[in-house]
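Computed from heavy atoms alone, side chains included, the values below leave out hydrogens, waters and symmetry copies.
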Amino acid sequence: MNEQILKQLIQLAKKAYKKGEIPVSAILVYNNKIIAKSFNQKEKKKDIMGHAEILTIKKASKKLNRWNLADCTLYVTLKPCNMCMEIIKQSRIQNVYYLLDKLDYKHDFEKTNLEKIGTESDIETYQQLLSTFFQNKR
């Protein structure tokens, strides 16, 4: 990890800490230049999506005017959570470097009920919609 990027990650994490946020930060690099950076702002924004990685990816997408960030590299202080990893995957970022593995939180996320809905007809209608959409896109 580039020493300059590491220093900035720590500075951003300290800024989050001072603001009462979980001290996580992220920096996105394109063509060897930092184009976006952020820290957790879930409390400030009152938004579950206020994770450093997501905010950084949104800033980079806006700056580059595209969602596909396959040619960018993401640096984060803490190993991304499942939600952030999915957004990283969806943005096509292939290289993610992190400073520290996840801490062992004692939350019980297993209480979330996940259940499939709909009739066979509903499923077929939706499958056709998705299929048509992607056929028209490609």
Side-chain heavy atoms of Ile87 within contact of Met49, under 4.5 Å: yes
Closest heavy-atom pair and its distance - Ile54, Met83: CD1-CE, 3.7 Å
Side chain to side chain, Val76 and Thr56, heavy atoms closer than 4.5 Å: no
Which atom of Ser38 lies closest to which atom of Leu12, heavy atoms considered: O-CD1, 4.0 Å
Rounded distance [0.5 Å steps], NZ in Lys37 versus CD1 in Ile5: 10.5 Å
Shortest non-hydrogen contact between Ala16 and Phe39, atoms and distance: CB-CD1, 3.5 Å
Anything under 3.5 Å between a donor and an acceptor, one on a side chain of residues 17-28, the other on a protein residue two or more places apart or in another chain? List them.
unit_1 : atom_1 : unit_2 : atom_2 : d
Glu21  : OE1    : Lys42  : N      : 3.1
Glu21  : OE1    : Glu43  : N      : 3.0
Glu21  : OE2    : Glu43  : N      : 3.2
Glu21  : OE2    : Lys44  : N      : 2.8
Ser25  : OG     : Leu9   : O      : 2.6

Nearest-0.5 Å distance, CD1 of residue Ile34 to OH of residue Tyr75: 9.0 Å
Glu86 side chain to Gln90 side chain, donor-acceptor N/O pair below 3.5 angstrom: yes
4.5 Å side-chain heavy-atom contact, Lys79 and Leu100: no
Residues 63-74, side-chain donor-acceptor partners within the protein, below 3.5 Å, at least two apart:
unit_1 : atom_1 : unit_2 : atom_2 : d
Arg66  : NH1    : Asn68  : O      : 2.5
Arg66  : NH1    : Asp71  : OD1    : 3.1
Arg66  : NH2    : Asp71  : OD1    : 3.2
Arg66  : NH2    : Asp71  : OD2    : 3.2
Asn68  : OD1    : Ala70  : N      : 3.0

Heavy-atom pair of closest approach, residues Ser91 and Ile88: OG-O, 2.9 Å
For Thr77 against Leu99, the heavy-atom pair lying closest together: O-CB, 3.2 Å
Minimum-distance pair of heavy atoms, taken over all atoms of Gly50 and Leu55: O-CD1, 3.6 Å
Nearest-0.5 Å distance that lies between atom NE2 in His51 and atom NZ in Lys58: 12.5 Å
